[in-house]
Amino acid sequence: MKRDEAQRLRALDLSGLRDAPPEPDYDDIVRLAAETCDTPIALISVVDRDRQWFKAHVGLQGVGVQERCISFCAQAIEREGILLVEDTIADERFATHPLVQGEPFIRFYAGTPIQTEDGFPIGSLCVIDHRPRGLGESQRRSLIALKRQVELLLRMRSQVRLLKARNTELEQSQERTSSLNTYLQAEVRERQRIERQLLEQQTLLSSILAHIPHSVFWKDQNSVFLGCNPQFARDMGLSSPLDIIGRTDFEMPVLSEHAEAYRRDDREVMESGIPKLSFEEPLRQYAGAKSWVLTSKVPLRDANGKVTGVIGIYADISERRRQEEVLQEAKNLIERDAARLEEQVREAHERTRQLMEHSGEAVFVLDAAGSVLEVNPVAERLLGFLHGQLLGTPFVALVPEDEREPLRQSLKDLLARGTVCLEELGLRSASGARVALGIAASLQVTGETRQLLIVGTDLTEKRRIEQQSIQNDRLAAMGALAAGIAHEINNPTSFVLSNLTWLQEWRDELERELIALPGLHPRLAESLSEAEEVIAESLVGGGRIRDIVRDMRFFSHTASEALAPVDIHACLDVVLRMAHNELKHTARVEKQYADALPLVPGSEGRLSQVFLNLIINAAQAMRTGGGLEHHVLRVVTALEGERVRVDISDTGHGIPPEVLPRIFEPFFTTKPTGAGTGLGLSISHAIIQKMGGEMGVRSEPGQGTTFTLFLPVSGRGPSDDEKQLSPVP
């Protein structure tokens, strides 16, 4: 900012015009200016740093604050005399001005700056017309005269404000003088009051010193006694406090033993000017008994604050010292007992922690309100939450909504009875799955603290074993049924196939003989052809019945085949060639074989049966559309420890989650009636188990299915540890 502009803004502040309300005197001047110059608009405007506003105006409706950059007044204050623009449209400075092109459509402008007494322009008096025109000489003089009237009015207003300020200052000075007189009078009265209080306090101090149960003394800079209270005189064996004046510690039999230590404390306090408070020291009583006193010494100062001596006071604490010694012994005993109890508690906590960490059950510790205080690693693993995520969580919040009310009632019963058992309680895991637990809960009370101990047994494995047992029983029953059915069907089937084979041979021989005869009737030749087709179809159907019976006999454990080393890759290649017709228009085949895969002890025929069944099922699952461009059959092999892994994956429609657990059940199928027996996967599962292996499946609807086979390399089944380390997906 330029220096003149800064001074101009200060002059504006002193003028009192900044944002001041309208005044009649200024309104009269703008009306007179409009009438004199014969214009519809007259203004008194004030220019600030960035804006212009109007102190008075006539003929301009809805006026307000304007930006300085578009103000005519901002240019008028920068020159002496009158800024006259007879036609704004013809003046290149203002032809495109927004106030010319828009409201109030200024075509004529005449403005003269308004200056303070110091000569700083703070605004302007101007007249405005909507048409171009000139300004006569008399009108110019009148406009200048009215401008001077505004400046005179400003000076008068300024002088009035100055007089008011001086009057206010004078009144304040008079008030201060009156207040000073009042203060001096009050000070005299206060001094008189203090003198009376000092006399009263001196009397009170003498009374206190005479009756206080503590001993008080005071000395000069050389540790010479200046006085004491009666109690100190009695301690020294003196008849009056006056008898101690002028003596030293060395001259007092009671003090002489520790006189040097007493004088050393005196010097420390007087030289530092800092009190020495509440320190214990020995004192030999006049009767000869040794006692302990609690002493405080403070510097004695004159009116100027100079240290002139020391004041001391002490109280006999011999009895307290004896009590403290007794209390200290009791405290030591209690601390030893507390340490022993704390160690026992620590050991108990450590045992509890070890039990929680190494327990095979899920353990939760809740407060009385039911919020989780502690959990063990088993609980974290089962629910899939981190330790910190469970702490502070209401236990009922871990339970599905429909099981919360029974749990709340059980927790109330637990607080009332002390123990509660729940046969099954579902908790919601981090993934949203339900984890079934058998609950045993007990109330733990330690002093005023009550906690709830919740021990949960994972029922997942129990349910799995129960389901496996049911499945095994079902398989055994189905096996027995299959054995009976196979036995009953096998002989008739063999008889029918044998007769069909004979019948086919007889038809062929009959046809040869008839063809050799002349005049064979066309109808007879057609019948022989139809008989050939019927017999062929019957043989195929009989073969299918024989295959089903054979599979049922294998399923019932009646078949037995010796195990021999099998090349898994060669076996898979043979099966893929066999299934080529099923796959060639359905899906692309991708093989990802492991290098140097060991031979697996098993039945090559039975393994081929399993692989072919899985590949045919995969091909059928991918017949939903898309063809080779969208569907892939992927066969992957790998060696995992002592087992060979085979994955057969498809990109078909997948298996619904509710169906997945049942796919290995005998006679269970999702195919339409007549499209399958439902024995394929059951028999395949049984074949792999007989070879000591495992078979599992994972599937996602719309994404495909993967069957995984694990076959032992050594010819033995996997141990429990291996099953835990490499579970079937």
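Fair warning: this is a prediction, and the values are worked out from it, not measured in the lab.
Taking 4.5 Å as the limit, some side-chain heavy atom of Gln689 sits within range of a side-chain heavy atom of His685. Side chains of Phe385 and Thr393 form no contact here, defined as non-hydrogen atoms less than 4.5 Å apart. Within the 4.5 Å cutoff, the side chain of Asp567 has no heavy atoms near those of the Leu597 side chain. Within the 4.5 Å cutoff, the side chain of Val697 has no heavy atoms near those of the Leu681 side chain. A 4.5 Å side-chain heavy-atom check between His387 and Glu374 finds at least one atom pair inside the cut-off. Between Val378 and Asp458, the closest side-chain pair of non-hydrogen atoms is not below 4.5 Å. Within the 4.5 Å cutoff, side-chain heavy atoms of Glu335 are placed close to those of Asn332. Residues Leu453 and Val365 form a side-chain contact, since some pair of their non-hydrogen atoms from C-beta on lies under 4.5 Å apart.
Separating the CG atom in Leu443 from the CG atom in Leu366 is a distance of 11.0 Å, to the nearest 0.5 Å. Here the CG atom belonging to Leu398 is positioned 9.5 Å from the CG atom belonging to Leu425, to the nearest 0.5 angstrom. The CG atom of Leu709 sits 6.0 Å away from the CG atom of Leu614 when rounded to the nearest 0.5 Å. Atom CE of Met622 and atom CG of Asn617 lie 10.5 Å apart (nearest 0.5 Å). Here the OG1 atom belonging to Thr501 is positioned 10.0 Å from the CD1 atom belonging to Ile535, to the nearest 0.5 angstrom. For the atom pair CZ (Arg507) and CZ (Arg512), the distance works out to 9.0 Å, reported to the nearest 0.5 Å.
The main-chain N or O of Gly704 is found under 3.5 Å from a side-chain atom of Ser699 such that the two form a donor-acceptor pair. Side-chain atoms of Arg634 do not come within 3.5 Å of backbone N or O of Ser649 as any donor-acceptor pair. Under the 3.5 Å distance criterion, the side-chain polar atoms of Gln389 are matched with a main-chain donor or acceptor of Leu386. Proximity of a side-chain donor or acceptor of Asn376 to a complementary backbone N or O of Glu361 within less than 3.5 Å is detected. Side-chain N or O atoms of Ser410 include one that pairs as donor or acceptor with a backbone N or O of Pro406 at under 3.5 Å. Here the side chain of Arg428 pairs a donor or acceptor atom with the backbone of Ala397 at under 3.5 angstrom.
Looking at every heavy atom in both residues, Thr586 comes nearest to Ala619 through CG2-O, 3.5 Å. The nearest pair of heavy atoms linking Leu382 to Ala362 is CD1-CB, 3.9 Å. Heavy atoms only, all atoms of each residue included: Phe364 and Ala379 are closest at CZ-CB, 3.6 Å. Taking all atoms of both residues into account, the shortest heavy-atom contact from Ala587 to Val632 is CB-N, 4.0 Å. The two residues Ala368 and Leu415 make their nearest non-hydrogen contact at O-CD1, 4.1 Å. When all heavy atoms of Pro601 and Pro712 are compared, the pair lying nearest together is CD-O, 3.5 Å.
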> Please walk me through it: do Ile683 and Asn613 pass side-chain contact (heavy atoms from CB on, under 4.5 Å)?
Replying inline: CA-CA 10 Å; Ile683 294 173; Asn613 182 50; over 6 Å; no

>> Set out, in order, the CA-CA distance, both residues' side-chain angles and the distance that settles side-chain contact (heavy atoms from CB on, under 4.5 Å) for His580 and Arg577, then state yes or no.
In response: CA-CA 5 Å; His580 176 69; Arg577 287 194 296 271; 5.6 Å; no

>> Would Phe611 and Val574 count as a side-chain contact (heavy atoms from CB on, under 4.5 Å) here? Give the steps.
In response: CA-CA 10 Å; Phe611 293 152; Val574 170; over 6 Å; no

> Step by step, would you call Tyr593 with Leu572 a side-chain contact (heavy atoms from CB on, under 4.5 Å)?
Replying inline: CA-CA 10 Å; Tyr593 288 174; Leu572 286 169; 3.5 Å; yes

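Across Thr706, Thr637, Thr708, a single residue satisfies side-chain hydrogen bond (donor to acceptor under 3.5 Å, both in side chains) together with Asp647, and that is Thr708. Only one option out of Asp367, Leu452, Leu390, Leu391 pairs with Leu373 in a side chain to side chain contact (heavy atoms under 4.5 Å, CB included); it is Asp367. Of the residues Val420, Ile454, Leu407, the one that meets the side chain to side chain contact (heavy atoms under 4.5 Å, CB included) test with Ile439 is Ile454.
With salt bridges taken as basic N to acidic carboxylate O contacts below 4.0 Å, one links Glu405 and Arg408. Checked for salt-bridge contact, Glu424 and Arg434 meet the test: a charged N lies under 4.0 Å from a carboxylate O.
A side-chain donor-acceptor contact under 3.5 Å links Arg606 and Gln609.
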